[in-house]
**Student:** 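Just dropping this structure here.
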Amino acid sequence: MYIGISSSQHTYIYTMTEPTRQEAIYTAIAHIPEGKVATYGQIAKLAGFPRGARLVGQALRQLPAKSTIPWHRVINAQGQLSFPKASAKYHEQYARLQAEDVAFNGGKINLTQFQWDI
DNA sequence: CGTCTGGCCCATC
DNA sequence: GGATGGGCCAGAC
């Protein structure tokens with residue numbers, strides 16, 4: 001989010017120079033429709049970082065708990081959740097996706113069926 | 001500066 | 001299916 005101060009010339013001074021990578025990434029994720037998933041690489045590209053898949057992971061790791069963006073719709077390019085299978089996070093993501101009728105087959109999501117195509 | 005580590009990706013074998 | 005190696009970018013030493 002920008003914090004801006006307007007001047008008489010209609011220019012703006014921001015506390016952060018530009019949309020942060022994080023913001024661009026969060027915005028992209030926010031656009032994933034319900035019942036669809038996107039890969040880290042896909043989000044990175046959308047946010048303007050063609051090879052920045054890891055940035056997406058980093059951004060999501062720092063996501064505030066109160067945030068409402070659909071982080072659970074971001075999965076890896078293999079169609080799997082990028083959490084250890086035994087972890088609470090894995091189960092939460094799994095449950096949220098299933099609640100949106102995203103199907104798992106042997107722990108994997110069929111990307112040709114469920115990937116968000118822009 | 002260098003090196004390692006991440007909710008990764010891709011090509012290749 | 002799996003393993004490996006290169007690439008990517010930002011942070012943390």
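Since we're looking at a predicted model, the values are computed, not measured. Below, chains carry the letters A, B, ... as their sequence lines are ordered, and counting in each starts from 1.
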**Student:** Hey, mind stepping through A/E100 and A/K36 against salt bridge (charged side-chain N to carboxylate O under 4.0 Å, His left out) and telling me if it holds?
**Tutor:** CA-CA 8 Å; A/E100 299 183 356; A/K36 289 287 181 182; over 6 Å; no
**Student:** Nearest-Å distance, CZ (A/R21) to C1' (C/dC8)?
**Tutor:** 13 Å
**Student:** Whole angstroms only, please: what is the OH-P distance between A/Y40 and B/dC10?
**Tutor:** 14 Å
**Student:** Output the rounded distance in Å from CD (A/Q58) to P (C/dA10).
**Tutor:** 9 Å
**Student:** What's the CG-C1' distance between A/L55 and C/dG7, to the nearest Å?
**Tutor:** 13 Å
**Student:** Between C/dC8 and B/dG6, how far apart are the two C1' atoms, rounded to whole Å?
**Tutor:** 12 Å
**Student:** Classify the side chain of A/R51 versus the base of C/dC8 as yes if they form a donor-acceptor pair under 3.5 Å and no if they do not.
**Tutor:** no
**Student:** So what's B/dG7 paired with, Watson-Crick or G-U wobble, going by both distances under 3.5 Å?
**Tutor:** none
**Student:** Between C/dG5 and B/dG7, how many Å separate the two P atoms, rounded to a whole number?
**Tutor:** 23 Å
**Student:** For atom NE2 of A/H91, decide whether the heavy atoms of other residues, nucleotides or ligands shown that lie under 6.0 angstrom number more than 12.
**Tutor:** yes
**Student:** How many Å lie between NZ on A/K45 and C1' on C/dC8, as a whole number?
**Tutor:** 14 Å
**Student:** With no hydrogens and no angle check, do the side chains of A/Q115 and A/Q42 hold a donor and an acceptor under 3.5 Å apart?
**Tutor:** yes
**Student:** Counting only side-chain heavy atoms from C-beta out, which of B/dG7, B/dC8, C/dG1 sits nearest to A/K108?
**Tutor:** C/dG1
**Student:** Applying a 4.0 Å non-hydrogen cut-off, can you work out what A/G41 is touching in the nucleic acid: base, sugar-phosphate, or nothing?
**Tutor:** sugar-phosphate
**Student:** To the nearest angstrom, how far is A/Q22 atom CD from B/dG7 atom P?
**Tutor:** 13 Å
**Student:** For a quick test of reading the model: is some side-chain N or O of A/S82 closer than 4.0 Å to OP1 or OP2 of B/dC8?
**Tutor:** yes
**Student:** Please state how far atom CD in A/Q78 lies from atom P in B/dC8, giving the value in whole angstrom units.
**Tutor:** 9 Å
**Student:** Report the distance from atom CZ of A/R21 to atom CD of A/Q58, rounding to the nearest 0.5 Å.
**Tutor:** 8.5 Å
**Student:** Under 4.0 Å, counting only non-hydrogen atoms across every strand here, what does A/V74 touch: a base, just sugar-phosphate, or nothing?
**Tutor:** base
**Student:** Taking the side chain as every heavy atom from C-beta outward, state whether A/I109 and A/V102 have any pair of such atoms under 4.5 Å apart.
**Tutor:** yes
**Student:** Checking only heavy atoms, does the side chain of A/R54 share a donor-acceptor pair with the base of B/dG6 at less than 3.5 Å?
**Tutor:** yes
**Student:** What interatomic distance, in whole Å, is found between C1' of B/dC1 and the corresponding atom of C/dA12?
**Tutor:** 15 Å
**Student:** Whole angstroms only, please: what is the CD-C1' distance between A/Q62 and C/dC9?
**Tutor:** 13 Å
